[in-house]
Amino acid sequence: MPSAQTLAPRRKTRQINVGKLKVGGDAPISVQSMTTTKTYDINATLQQIAELTASGCEIVRVACPTDKDAEALKIIAMKSQIPVIADIHFQPKYVFQAIEAGCGAVRVNPGNIRKFDDKVGEIAKAASDAGVSLRIGVNAGSLDKRLLARYGKATPEALAESAIWEASLFEEHGFHDFKISVKHNDPVVMVQAYRLLAERGDWPLHLGVTEAGPAFQGTIKSATAFGILLSEGIGDTIRVSLSAPPSEEVKVGHQILQSLNLRERTLEIVSCPSCGRAQVDVYSLADSVTEGLKDMTVPLRVAVMGCVVNGPGEARDADLGVASGNGKGQIFVKGEVIKTVPEDEIVQTLIQEANRIAEEMGPD
Ligand code: SF4
């Protein structure tokens with residue numbers, strides 16, 4: 001865990017295993033995503049899982065809507081480097097197949113599984129025997145009909161009550177290895193639903209704003225909602241849902257955790273907003289530096305400042321930076337100017353210096 005200050009202590013939860021990864025308790029908050037490939041296309045799915053793993057994804061979920069998908073789970077679970085969660089709606093038989101296939105966990109949506117109540121005992125036993133955990137995933141769009149009738153719509157109370165009811169069914173069978181999510185596309189409803197849940201039990205919670213939208217809107221909705229909950233110590237694993245490539249979800253997830261000191265920062269670009277004093281295009285310079293240093297794995301703050309008036313001073317806490325002016329860039333380390341280079345050598349010089357500093361810091 002990072003040693004930097006956080007806004008609140010983590011809520012105390014039970015801990016579960018999702019494959020080799022622990023979720024809840026004192027385990028670091030994990031970042032998840034979901035593949036967009038057809039799960040039955042094993043090669044494409046494994047390829048995307050490998051890309052997600054490289055981008056920092058720690059748990060991956062795959063959809064399982066058909067027999068062909070359920071049959072593919074075994075190879076996918078075996079070959080994936082990170083735990084695989086099978087996402088099951090409608091068909092209890094796929095839950096059993098996913099457990100047998102060696103998935104790290106199975107997501108069930110009781111609101112979508114007819115006759116779910118009858119199957120709980122069997123699912124609990126199969127999961128328990130195999131050491132597989134579950135996620136009870138309640139969604140606003142598939143809320144239990146009885147609750148929908150009582151509350152009129154997917155209110156925070158309805159979402160929380162649905163989840164607590166479903167949790168109690170498993171607990172009655174002595175099964176406790178599950179986490180819960182109560183997703184809604186409105187961050188305010190979602191936050192209230194999770195707060196209600198957090199008050200009522202020690203279940204690990206999977207945070208998500210569902211159908212959050214395209215990258216810009218979805219990032220802000222998720223960051224806002226997760227920020228509120230995580231700042232209160234609520235949340236044990238997160239999935240940012242974006243209408244964008246899943247590796248983008250992972251990047252946003254990491255950034256949210258890093259912003260709250262819930263995960264050690266890696267590369268942090270401190271760039272000025274630019275103003276009338278700027279003598280360089282700060283936006284494109286910041287983009288180029290970000291791109292050039294994207295593989296940096298050690299914690300490094302790099303400042304990109306538009307002018308030499310305030311540049312080094314404003315970014316004194318940065319490990320490295322540049323302040324531009326008159327077609328040149330003053331390169332500074334810890335606020336001290338170490339050299340001045342022509343503008344077209346700024347990015348290259350920063351990358352060289354970053355690598356030198358990273359080497360001095362040693363392996364991460
Ligand atoms: Fe403006 Fe210079 Fe500050 Fe950037 S560093 S905001 S250009 S004064």
Side-chain angles (χ1 to χ4, degrees), residues 2-7 55-56 214-224 226-228 230-231 240 242 244 248 251-361 364:
S3 52
Q5 194 176 9
T6 55
L7 289 162
S55 69
F216 178 72
Q217 177 186 293
T219 298
I220 290 174
K221 274 187 165 186
S222 299
T224 305
F226 294 6
I228 292 168
L230 292 168
S231 75
V240 175
L242 300 178
E248 292 301 307
K251 281 190 217 160
V252 173
H254 278 273
Q255 201 63 51
I256 292 171
L257 295 180
Q258 288 181 23
S259 300
L260 292 165
N261 288 343
L262 291 167
R263 183 169 285 249
E264 191 167 38
R265 292 177 189 209
T266 49
L267 175 67
E268 187 182 3
I269 302 290
V270 183
S271 56
C272 82
S274 189
C275 73
R277 284 195 205 97
Q279 295 181 11
V280 69
D281 179 352
V282 177
Y283 305 159
S284 61
L285 187 56
D287 280 347
S288 303
V289 173
T290 305
E291 177 59 26
L293 293 176
K294 69 178 188 316
D295 295 327
M296 187 62 51
T297 53
V298 296
L300 198 70
R301 279 165 71 91
V302 180
V304 177
M305 313 304 281
C307 76
V308 292
V309 178
N310 295 321
E314 278 182 11
R316 202 162 276 132
D317 288 342
D319 297 297
L320 169 68
V322 61
S324 303
N326 289 332
K328 295 181 195 146
Q330 285 185 340
I331 306 295
F332 53 90
V333 173
K334 297 281 180 203
E336 300 294 328
V337 177
I338 58 156
K339 66 171 103 163
T340 301
V341 298
E343 195 173 310
D344 60 1
E345 290 177 22
I346 290 174
V347 175
Q348 181 199 339
T349 309
L350 283 176
I351 292 168
Q352 279 167 1
E353 286 298 318
N355 285 328
R356 185 184 60 76
I357 293 170
E359 234 170 75
E360 280 174 16
M361 289 167 120
D364 56 322

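Order of appearance sets the numbers: ligands from 1, and atoms from 1 within every ligand. Heads up: numbering here begins at 1 and tracks the sequence.
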If you define the side chain from C-beta out and look only at heavy atoms, does anything of M296 sit under 4.5 Å from N355?
yes

Please list the nearest protein heavy atom to atom 1 (Fe) of ligand 1 with its residue and the distance rounded to 0.1 Å.
C275 SG, 2.3 Å

Working to the nearest 0.5 Å, report the span between OG of S284 and CD of E291.
13.0 Å

Need the ligand 1 atom indices (1-based, order shown) with element for anything under 4.0 Å from a heavy-atom of A278.
7 (S)

Could you list which atoms of ligand 1 come closer than 4.0 Å to a heavy atom of R277?
8 (S)

Would you check if E360 and R356 make a side-chain contact, meaning some heavy-atom pair closer than 4.5 Å?
yes

Look at the N, O or S atoms of C307, main chain and side chain alike, and state whether any lies under 2.8 Å from atom 2 (Fe) of ligand 1.
yes

Side-chain heavy atoms of Q330 within contact of V322, under 4.5 Å
no

Under 2.8 Å from atom 1 (Fe) of ligand 1, is there an N/O/S atom belonging to C272?
no

Is there a side-chain contact between T219 and Q255, using heavy atoms and a 4.5 Å cut-off?
no

